[in-house]
Every structure is written in structure tokens, then in C-alpha cells.
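Contents: one structure, followed by commentary.
Along the sequence shown, residues carry numbers from 1. First listed ligand is number 1; within each ligand, the first listed atom is number 1.
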Amino acid sequence: MSRISIVIPVLNEESNIDPLFERVETVFQELSYDFEILFVDDGSTDQTLNTIKRLHRKDSRAKLISFSRNFGHQIALTAGMDHAKGDAVLVMDADLQHPPELIPTMISEWEKGHEVVYTIREKEDSVGILKALTSKIFYLLFRSLSSTQIPDGVADFRLMDRKVVKAFKRIRERNRFLRGLTFWVGYKNIGIKYKANKRHSGKTKYNWRRMFNFAIEGITSFSSLPIYLSVYIGFTMGTLGFGYGCYALYIKIFTQHSIPGWASTAILHSTIGGLQLFLMGIVGIYVGKIYTETKGRPIYLIRDSVGIEGRDDT
Ligand code: UDP
Ligand code: MG
């Protein structure tokens with residue numbers, strides 16, 4: 001019987017583990033597939049770890065990889081995909097915002113030959129207006145800046161064929177925006193809509209600062225346009241500045257009333273100063289990325305694992 005591996009990143013989700021496992025189990029009772037759930041503990045400080053270990057003793061289909069500290073959601077997903085043995089790998093959140101009841105539909109699309117089955121959040125009422133709006137803006141910006149096209153509201157809830165997972169294993173960059181990479185790898189894909197539920201319990205791990213960083217991460221790892229943009233803007237401002245200088249010179253030489261233009265000088269100074277900081281910031285982001293990539297540190301470190309076959313300690 002084919003097996004589906006379900007990868008679930010968890011950061012302080014103690015009260016979501018058991019309900020999630022039960023719902024997945026119920027779904028699979030109707031399916032002709034085996035399943036395993038690979039929980040990737042991303043540095044939880046509550047009872048998440050013990051809950052998963054207890055669950056594993058009851059049912060060995062629940063497995064665990066535990067990081068040495070918090071490495072982040074995208075990296076937890078990566079570690080799960082690295083260790084998943086199934087014929088297809090499905091990734092989803094732990095908080096039941098991604099309904100397990102959608103799994104049969106995802107599997108049937110996979111059976112039809114789609115190598116990636118991604119999902120799109122349809123109803124936004126459980127997410128909050130502000131989050132829905134900023135997400136829309138982000139995807140719009142992403143699409144206009146990057147040649148990789150990703151649809152609105154695509155979630156980290158997707159099924160991937162073994163082939164795709166193998167392709168992902170060859171992508172070893174640290175700055176990883178999986179939603180983008182999913183489309184970058186290509187393969188035959190299809191999107192299905194789902195209605196996001198409210199978080200089962202616990203709090204969101206993404207505050208505004210993390211969301212903002214995540215957005216910058218996503219765009220800068222898929223587009224070099226901002227860095228070119230900085231050259232264009234810099235060039236335009238430079239030209240304008242030169243023109244203004246000529247004009248000032250003209251006033252000084254050919255008219256007698258050259259009033260010291262304090263205001264315009266001040267304005268120019270501040271705009272150009274601000275602009276320079278902005279452009280340097282953009283360059284800095286990319287340089288920083290190059291720096292972290294060239295260090296070649298491991299993407300994640302594992303402290304402990306339970307039920308993982310052929311554990312690799314590389
Ligand atoms: N998560 C994680 N590491 C992090 C942040 C989040 O493993 O640093 C997990 C979290 O436990 C959950 C999933 O990633 O299973 C999505 O996080 P969350 O539900 O908090 O995000 P939201 O749905 O609010 O965007
Ligand atoms: Mg959530």
C-alpha cells in the first residue's frame with residue numbers, strides 16, 4: 001500500500017497535537033493509503049514534545065524530529081520533507097486551520113497525475129481583514145517583481161509527489177520561501193480552494209514583525225528587481241540633481257538676485273539622504289543574503305528524533 005507522509009511543523013502546539021492526529025486518522029480510515037505524521041518540533045517550550053512522544057507510544061505512525069532551537073516554520077517544513085519516506089508528502093499547519101478533510105481531494109488530484117496539489121485560502125473571515133489585505137498586497141507585489149508567478153492566498157498546505165520532494169532536497173538555500181519554490185520547481189500542479197478554519201487552540205506564531213520579515217524574505221529571494229530598481233532610482237535622482245545644479249548656476253551667473261536657497265537645499269539634502277539610505281538598505285538586504293548563504297551553515301540542527309528510519313546525522 002502506498003504511503004502518504006504528512007509533515008507538520010509545531011511550535012508550542014501542545015493542545016493541537018491529539019485532535020489533529022485524530023482527525024487525520026479518521027480521514028485515512030476511508031482511504032486506501034497508509035499514513036505517517038512527521039511532527040517537526042521547532043523549539044517548543046511547552047508540553048508539545050512530550051505530547052508527541054506519548055502519542056508515538058500509542059501509535060507509531062506519529063513520528064518526531066525535534067530541533068535544537070527555533071529555526072522557523074519554513075525550515076521546519078524543509079526538515080520534514082527531508083525525512084519523509086512516503087510516496088507523496090503533504091505539508092500542513094498544526095492548528096487545524098488547514099482542514100484534514102481536504103486530504104482525500106488532494107490525493108485524488110495526485111492520482112490524476114498532478115505532481116503538486118496546492119491549496120488556496122478562500123474565505124478570509126477566520127483570518128482577519130488586515131491580514132487578508134496585507135496578504136493580497138504582498139502577492140501583488142511578489143507577482144510584479146518576480147518572474148515566478150504565485151497565486152493569491154496560496155497556503156503552506158500542499159501535497160507533493162516524491163519527485164517534487166526530491167527536487168526540493170536539492171535546493172539547499174537558507175533563505176527559503178517554499179510557496180515560491182513550489183512554483184519555481186515546475187512540475188504539473190493544480191490549486192484547490194479551501195476554507196480556512198479558526199485556530200483550534202493556542203496563539204499565532206506570526207506577529208507583524210515576523211510577517212513583514214517573511215514578506216521581505218519572500219520577495220528578495222525571488223526577485224533581483226529591487227536591486228536594479230535602486231540603480232534606476234539613483235540614476236534618475238542623480239540626473240535631476242545635476243539639472244537642478246545647472247539651474248542654480250544659471251541663476252547665480254545671469255541674474256543678480258541669487259537668494260541663498262536654504263529651503264531647497266535642505267529639502268534636497270533630506271530627500272537625497274533618505275533615498276540613499278533606502279537604496280543602501282536594499283543593497284544591504286542582498287549582501288546580507290549572500291553573506292548567510294556563503295557561510296554554508298547547516299539549515300537546521302536536530303536534537304532528538306523518534307520513529308525516523310535511516311536517521312541521517314549529516
Ligand atoms: N510554526 C513553526 N515555527 C515558527 C512559527 C510557526 O513551526 O517559528 C508552526 C506553527 O506551530 C504552526 C504553523 O507553523 O503549525 C503555522 O503557524 P501559525 O498558525 O502560528 O501561523 P498563521 O496561521 O497564524 O499564519
Ligand atoms: Mg495558523
Could you measure the distance from the CD atom of E122 to the NZ atom of K195? Nearest 0.5 Å is fine. 9.5 Å
Considering non-hydrogen atoms of the protein only, which is the closest contact for [atom], and what is the distance?
atom: atom 15 (O) of ligand 1; result: P9 O, 2.8 Å
atom: atom 18 (P) of ligand 1; result: R199 NH2, 3.5 Å
atom: atom 23 (O) of ligand 1; result: Q97 OE1, 2.7 Å
atom: atom 11 (O) of ligand 1; result: E13 OE2, 2.5 Å
atom: atom 20 (O) of ligand 1; result: K205 N, 2.6 Å
atom: atom 21 (O) of ligand 1; result: Y206 CD1, 3.3 Å
atom: atom 25 (O) of ligand 1; result: K131 NZ, 2.9 Å
atom: atom 19 (O) of ligand 1; result: D95 OD2, 2.6 Å

Heavy-atom contacts with G72 under 4.0 Å: which atoms of ligand 1 show up? List them by number with element. 3 (N), 8 (O)
I need the atoms of ligand 1 closer than 4.0 Å to a non-hydrogen atom of V10, numbered in the order shown.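 Atoms satisfying the 4.0 Å criterion: 7 (O), 11 (O).
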Would you confirm whether the ring centroid of Y300 sits within less than 6.0 angstrom of the ring centroid of F71?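 No, too far apart.
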May I ask you to check whether F214 and F138 place their ring centres under 6.0 Å from each other? no
Taking distance alone, with no angle check, do A94 and ligand 1 share an N/O pair under 3.5 Å?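 Between A94 and ligand 1, an N or O pair is found under 3.5 Å apart.
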Could you tell me whether some N/O pair between L11 and ligand 1 is separated by less than 3.5 angstrom?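 N/O-N/O distance under 3.5 Å: yes.
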As a test of understanding, state which of K193, R179, R143 forms a salt bridge (charged side-chain N to carboxylate O under 4.0 Å, His left out) with D152. R143
Ignoring hydrogens and angles, tell me if any N or O in the side chain of S44 forms a donor-acceptor pair with the backbone of N12 under 3.5 Å.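 Yes.
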Looking at Q74 and F177, would you say the former's side chain and the latter's main chain have a donor-acceptor pair under 3.5 Å?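 Pair absent, no side-chain N/O of Q74 close to backbone of F177.
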Without placing hydrogens or testing angles, list every side-chain donor-acceptor pair under 3.5 Å for residues 1-10, not counting sequence neighbours.
{"from": "R3", "atom 1": "NH1", "to": "E36", "atom 2": "OE1", "distance (Å)": "3.0"}
{"from": "S5", "atom 1": "OG", "to": "E36", "atom 2": "OE2", "distance (Å)": "2.6"}
{"from": "S5", "atom 1": "OG", "to": "K85", "atom 2": "N", "distance (Å)": "3.4"}
{"from": "S5", "atom 1": "OG", "to": "G86", "atom 2": "N", "distance (Å)": "2.8"}

Residue-level breakdown please: for N12 versus ligand 1, do any non-hydrogen atoms fall below 4.0 Å on the side chain, on the backbone, on both, or on neither?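 Neither; no heavy atom under 4.0 Å.
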Counting only heavy atoms, which portion of R210 has something under 4.0 Å from ligand 1: side chain, backbone, both, or neither?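 For R210, the contact with ligand 1 is made by the side chain alone.
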Taking the six-membered ring of F212 as reference, does the cationic atom of R210 (NZ for Lys, CZ for Arg) lie under 6.0 Å from its centre and within 45° of its axis? no
Do F183 and Q149 have side chains that approach each other closer than 4.5 Å (heavy atoms only, starting at C-beta)?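 SC-SC contact between F183 and Q149 ruled out.
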I'd like to know if K169 pairs up with D82 as an ion pair, taking the criterion as any Lys NZ or Arg NE/NH1/NH2 lying under 4.0 Å from an Asp or Glu carboxylate oxygen.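 The answer is no: the pair does not qualify as a salt bridge.
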Is E109 paired with K112 through a side-chain N to carboxylate O contact shorter than 4.0 Å?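 Salt bridge between K112 and E109, a charged N being under 4.0 Å from a carboxylate O: yes.
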Protein N, O or S atoms less than 2.8 Å from the Mg ion (ligand 2), ignoring waters? D95 OD2, Q97 OE1
What is the ring orientation for F157 with Y194, classed by angle as parallel under 30°, tilted 30 to 60°, or perpendicular over 60°?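 If you compare the ring of F157 with that of Y194, the planes turn out perpendicular.
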Counting neighbours of OH on Y187 that are heavy atoms of other residues, nucleotides or ligands and sit closer than 6.0 Å, is the number greater than 12?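 Count over threshold, so yes.
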